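Some notes on the structure that comes next.
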Amino acid sequence: MKITIVGAGIGGLSTAWSLTKAGHSVTLIEQGVIPNPLAASGDHHRIIRRAYGAAGGYANAISEAYEAWDELWADIGVVHLDSRGFIAVSRETGDEAEEYREGLETGGYPIEIYGADEALKRYAYLEEGTFKYAFFSPEGGALHCKRIATDILRWLRENGAEILENTQVIAVDSENASIIIADGTKIFADKVIVTAGAWVTNLFPEISTHLTTYRTAVVYLEPPADLKAAWDASPVVLDVGGRTDGYILPPSGGGGLKFGSGLHKRKTPSADLDRVPVDGEGEIIRDLFAPPLKRLAEYRVTNVVTCAYTFTSDERFFATEMGKCLVVSACSGHGYKFGAAVGRRVAQTIENGDVPLLKRWLRAETH
Ligand SMILES: Cc1cc2nc3c(=O)[nH]c(=O)nc-3n(C[C@H](O)[C@H](O)[C@H](O)COP(=O)(O)OP(=O)(O)OC[C@H]3O[C@@H](n4cnc5c(N)ncnc54)[C@H](O)[C@@H]3O)c2cc1C
């Protein structure tokens, strides 16, 4: 089959990988370069973790996610996963860290719980008296997104896929499986798959009833010299407890120490709006992390990266079929870890036509 894929974040790249492997003739079209630094998949690293709180279906689906990444590593000949595990720090009864712990315990997944004294010994960046306990899970780490994109791209070129970079799709004709690019050229196929991230509503405005676009930013920091070793050796910090909705990636795979918080995101009418960080934005994000981190004012901001992404109202993943076009959005702020698995599932759907099954899987309602 001849298949056009619109958008080369992890969704488009992994779908192109899987369809090319299955023998299809794939054209992958990206409006920027690959990886595109403005895409949700364009940053240095993203977290993979088993913890999903009450949304246990996604916790179970992590086994498939790992298995799909393993298939990808075998194909590209290199592993871009740093399996350093993760911790969560609980500051209040019932906070998100506790929900993650309870979800893992319910699922029977292994964790180690450290009281405050033990956690302070292990993680020297934490501040005494600001938290109740921490727990560690070995099932998690950092995926190195830029390297993954670069190597899938190389694999696609080596295996005969057509790649069009700096090429914007301006219209999709779902009934005829054709698309139009910015210079007016029309490209015909048997199927079109749209994995356009936060830009999807430019092509299909009606989808904004299902997907809301947000703008956020993350901050890269240089820690005080005496805490550097603690960060270098640290697991990923999935949650810093309380209401911060904050996560931290330690330096890994060429990416530096990075802080991000769900509190910083805000709705935006366009994925292209406000993409230059404002003065002081990095410090604002950094300061959300006290408590439970100590001496935050001594962490120097080295970079701030903005991001645009979409959420469904229940933070699950989304797909819809229109004629010969399949639109897929595995995001809601947590889709990267499933990237390779999403590509394989979308490719299977193109083969078997079972879009309802794909939708259920994307919503973690089946396996
Ligand atoms: C700050 C932040 C932190 C996150 N943390 C995590 C995490 O720790 N773990 C995790 O699992 N997930 C995380 N996520 C979510 C994850 O990044 C996304 O789920 C995932 O990257 C989405 O990939 P995508 O391919 O669907 O979209 P994108 O990566 O946004 O890719 C879409 C691509 O389509 C291109 N495109 C759009 N329109 C057109 C067009 N008309 N023509 C041509 N090309 C087009 C864009 O340029 C872009 O390259 C995070 C997201 C953000 C923003």
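Sequential numbering from 1 along the given sequence is applied to the chain's residues. Order of appearance sets the numbers: ligands from 1, and atoms from 1 within every ligand. None of the values given here were measured: they were computed from a predicted structure.
In this structure, ligand 1 sits under 4.0 Å from heavy atoms belonging to Val6, Gly7, Ala8, Gly9, Ile10, Gly11, Ile29, Glu30, Gln31, Asn36, Ala39, Ala40, Ser41, Arg46, Ile47, Thr167, Gln168, Val169, Thr195, Ala196, Gly197, Trp199, Leu203, Thr216, Val218, Tyr247, Cys307, Tyr309, Ala330, Cys331, Gly333, His334, Gly335, Tyr336, Lys337.
Using a cut-off of 4.0 Å between Lys/Arg side-chain N and Asp/Glu carboxylate O, Asp245 and Lys265 are scored as not salt-bridged.
Of the candidates Phe311, Tyr336, Tyr58, Tyr58 is the only one forming a ring-ring contact (aromatic ring centres under 6.0 Å, His included) with Phe317.
One N or O on the side chain of Thr306 and one on the backbone of Arg275 form a donor-acceptor pair closer than 3.5 Å.
Cation-pi geometry between Arg50 and Tyr109 is satisfied (NZ or CZ under 6.0 Å from the ring centre, within 45° of the ring normal).
Within a 6.0 Å sphere centred on CG of Asn352, heavy atoms belonging to other residues, nucleotides or ligands number more than 12.
The side-chain heavy atoms of Pro110 and Pro138, taken from C-beta on, include a pair separated by under 4.5 Å.
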